[in-house]
Amino acid sequence: MAPCFSFTAYRNRHFRHSFSNAGLKSTTTDLGNNTIIHCWVPHTPNPSKPSLLLLHGLGANAMWQWNDFISPLTHRFNLYVPDLLFFGESHTTRLERSESFQATCVMDMMTCHGVNKMSVVGISYGGFVAYSMAAQFGEERVEKVVLCCAGVCFEEKDMDEGMFQVKSVDEAISILLPQTPRKMRELVKLTFVKRIKFMPTCFLNDFIDVMCTEYRQERKELIEALHKDRKISNLPKITQPTLIIWGEKDLVFPFALAVRLKQHLGENSKLTVIKNAGHAINVEKPKELYKNLKSFLIDPIINQSKEENHSNGHKVN
C-alpha cells in the first residue's frame, strides 16, 4: 500500500508555487515526432529584458535544482527553466541520447516561445547541453555561457586512468541513478562536502520512488552516450564569453577537468572556484553561485545602463 504522505511530492508542490509566485508559468511544447518539452516561462515576457536559460543536471526535475535562483534572476531576465528530456514532464519516443539532441530540442522549444537570442547556464549534465547549444548555434543564438561543474572536457580514457571515484560507467550509473537508500547516501557523500547526518530511510525511499524510477533506462543511456568514445580532440571550441564555475572539492568531475576546460577555451573564458564546495554547488553554496552569476550576467547589464543614462544626461542613483 502506498504511503499516505509523500514529502517529495509535497516539496514538488511547494516548488511549483514558488515558480508561479516568481512570475513563471508551466508550459509544454510539442516538437513533433513524439517529443514533448516542459518549461517554466515568463507569464508575460518583457521585451526590454534579455533572456536567460537555466539547464539542470541529473537527479530531480528543474524546480528542485534552480528554485533558490528564480526570484532574483526574474528581476533581470526573461527566465526559461526547462526539464530536459526524461526528466520532469519532458519525454520523447525517439532513440537519440546525445547532449547534441537535447540541445537541439531545447533550442527548438525556445524558438517556439519566440526567443531568438539568450544566455545559458548549465549545471553538471545541463552544462554538457549548454555547451552543445553554444557550439551548434553560435553567437547568433547563444550570447553568454556559464558552465557549473560540467566535465565536458573529460575523455573516455580518464575513467580507465583512475581520474574518477568510480571504476566503470556501470558503477557511476548505480550511484548517479540511485535505486536504494544505500546508493542515495553514496550519491550525497559524493556530491556534498559537508556531511548530511539526517537522512531517514523512509525519506530516501520516497524520493527514489517519486524522482528516480521513471525513465531510468533512458537516463542510463544518456550517461552512456556522454562517455562513449569521448575525446577532447572532438570537442569544438565555443567562442562565446564563458564562465566556468567549479566546486573546489568536486568528486564527480574533479577540478582537473575545470583546468582542462579553461585551457581548451583559452582567453574567452574565466574560471572561478567555490571554496569548500563539492559537485552540488547549487544546493551547497547557492549564495556563492548566485554571486558569480550576478557578476558575469547581471553587473555588465547594470553598468551598461548606467553608462547609457550618463551619456544621455540622466542621473543614476
Side-chain angles (χ1 to χ4, degrees), residues 8 55-61 64-65 84-87 95-99 101-102 122-129 131-132 147-197 199 201 203-232 234-235 246-261 277-284:
T8 306
L55 300 179
H56 65 83
L58 298 176
N61 61 43
W64 285 68
Q65 300 190 36
L84 296 174
L85 288 171
F86 307 120
F87 297 89
L95 300 179
E96 291 94 334
R97 298 293 183 262
S98 67
E99 66 262 42
F101 177 63
Q102 291 266 21
I123 186 163
S124 192
Y125 178 72
F128 286 78
V129 179
Y131 195 99
S132 185
L147 304 172
C148 309
C149 300
V152 295
C153 273
F154 91 86
E155 299 187 284
E156 185 177 29
K157 67 179 182 179
D158 289 332
M159 188 166 290
D160 296 331
E161 294 176 356
M163 173 177 280
F164 303 109
Q165 298 288 309
V166 295
K167 307 302 181 187
S168 67
V169 176
D170 287 341
E171 184 183 355
I173 289 169
S174 73
I175 298 173
L176 295 174
L177 305 177
Q179 298 298 293
T180 66
R182 182 174 68 85
K183 287 297 181 182
M184 180 64 76
R185 290 186 176 98
E186 285 185 40
L187 177 61
V188 171
K189 184 178 179 181
L190 191 68
T191 53
F192 288 81
V193 170
K194 187 176 180 180
R195 184 181 175 188
I196 300 176
K197 298 179 181 179
M199 287 189 290
T201 297
F203 281 13
L204 298 180
N205 277 326
D206 177 56
F207 184 86
I208 291 167
D209 182 57
V210 176
M211 289 292 172
C212 304
T213 55
E214 192 175 23
Y215 298 121
R216 186 181 188 277
Q217 178 60 33
E218 289 84 355
R219 295 180 189 184
K220 175 177 179 286
E221 292 165 4
L222 294 178
I223 296 173
E224 291 170 340
L226 282 185
H227 177 262
K228 185 175 174 57
D229 299 325
R230 195 173 193 90
K231 295 180 181 179
I232 193 171
N234 295 330
L235 186 71
W246 224 270
E248 177 189 28
K249 299 179 181 179
D250 192 335
L251 297 180
V252 176
F253 289 124
F255 183 68
L257 292 175
V259 176
R260 186 187 292 177
L261 180 56
H279 185 69
I281 55 174
N282 55 322
V283 179
E284 196 168 31

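Every heavy atom of this structure was used, including side-chain atoms; hydrogens, water molecules and symmetry mates were not.
The side-chain heavy atoms of Leu58 and Ser124, taken from C-beta on, include no pair separated by under 4.5 Å. With contacts defined as side-chain heavy-atom distances shorter than 4.5 Å, the pair Arg216/Ile173 qualifies. Looking at Phe154 and His227, their side chains come closer than 4.5 Å, going by heavy atoms from C-beta outward. Residues Trp64 and Met211 are in side-chain contact: their nearest non-hydrogen atoms beyond the backbone lie under 4.5 Å apart. Between Leu84 and Leu222 there is no side-chain heavy-atom pair separated by less than 4.5 Å. For the pair Asp158/Arg260, a side-chain contact is recorded, criterion being any heavy-atom separation below 4.5 Å from C-beta on. Counting only heavy atoms from C-beta outward, the side chains of Phe164 and Leu257 approach each other to under 4.5 Å.
Annotation: side chain to side chain donor-acceptor pair (under 3.5 Å) contacts of Glu284 (sequence neighbours excluded): none. Take Tyr125 and apply the side chain to side chain donor-acceptor pair (under 3.5 Å) test, not counting sequence neighbours, and it matches Gln102. Scored by the side chain to side chain donor-acceptor pair (under 3.5 Å) test, Asn282 finds no partners at all (sequence neighbours excluded). Among residues two or more places apart in sequence or in another chain, the side chain to side chain donor-acceptor pair (under 3.5 Å) test is passed with Thr201 by Arg185. Applying the ring pair (Phe, Tyr, Trp, His ring centres under 6.0 Å) criterion to Phe87, with sequence neighbours excluded, gives His56.
In this structure, Phe253 and Phe128 have tilted ring planes: the angle between them lies in the 30° to 60° band.
Summarising the geometry, atom CZ belonging to Phe86 is positioned 10.5 Å from atom CD belonging to Gln217; distances are rounded to the nearest 0.5 Å. Separation of atoms SG (Cys148) and NE2 (His279) is listed at 10.0 Å; rounding is to 0.5 Å. Remark: Phe207 CZ to Thr213 OG1 distance equals 11.0 Å, nearest 0.5 Å. Interatomic distance, Arg219 CZ to Glu214 CD, rounded to the nearest 0.5 Å: 7.5 Å. The distance from atom CH2 of Trp246 to atom CG of Leu261, rounded to the nearest 0.5 Å, is 6.0 Å. In this structure, CG in Leu204 is found 6.0 Å from CE in Met184, a value given to the nearest 0.5 Å.
Glu99 contributes no side-chain N or O that, together with a main-chain N or O of Leu226, makes up a donor-acceptor pair within less than 3.5 Å. Judged by distance alone, with hydrogens and angles left aside, the side-chain atoms of Arg230 form a donor-acceptor pair with the main-chain N or O of Val152 at under 3.5 Å.
Ala277 and Val193 get closest at one heavy-atom pair: C-CG2, 3.3 Å. Asn234 and Asp229 make their closest contact through ND2-O, 4.2 Å (heavy atoms, listed as atom of the first residue, atom of the second, distance). Summarising the geometry of Gly127 relative to Ala150, their closest heavy-atom pair is CA-CB, 3.6 Å, with the distance given to 0.1 Å. Across every non-hydrogen atom of Glu155 and Ile232, the tightest pair is OE2-N, 3.0 Å.
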In a table with atom names and distances, give each donor-acceptor pair under 3.5 Å that connects a side chain of residues 174-183 to protein atoms at least two apart or in another chain.
| unit_1 | atom_1 | unit_2 | atom_2 | d |
| --- | --- | --- | --- | --- |
| Ser174 | OG | Glu171 | O | 2.7 |
| Gln179 | NE2 | Leu177 | O | 3.4 |
| Gln179 | NE2 | Cys212 | O | 2.8 |
| Thr180 | OG1 | Lys183 | N | 3.2 |
| Arg182 | NH1 | Glu186 | OE2 | 2.9 |

For this session: Would you please test Thr8 and Asp209 for side chain to side chain contact (heavy atoms under 4.5 Å, CB included) and show each step?
Result: CA-CA 9 Å; Thr8 306; Asp209 182 57; over 6 Å; no
Problem set entry | Chi angles and distances behind the salt bridge (charged side-chain N to carboxylate O under 4.0 Å, His left out) call for Glu224, Lys228 | CA-CA 6 Å; Glu224 291 170 340; Lys228 185 175 174 57; over 6 Å; no
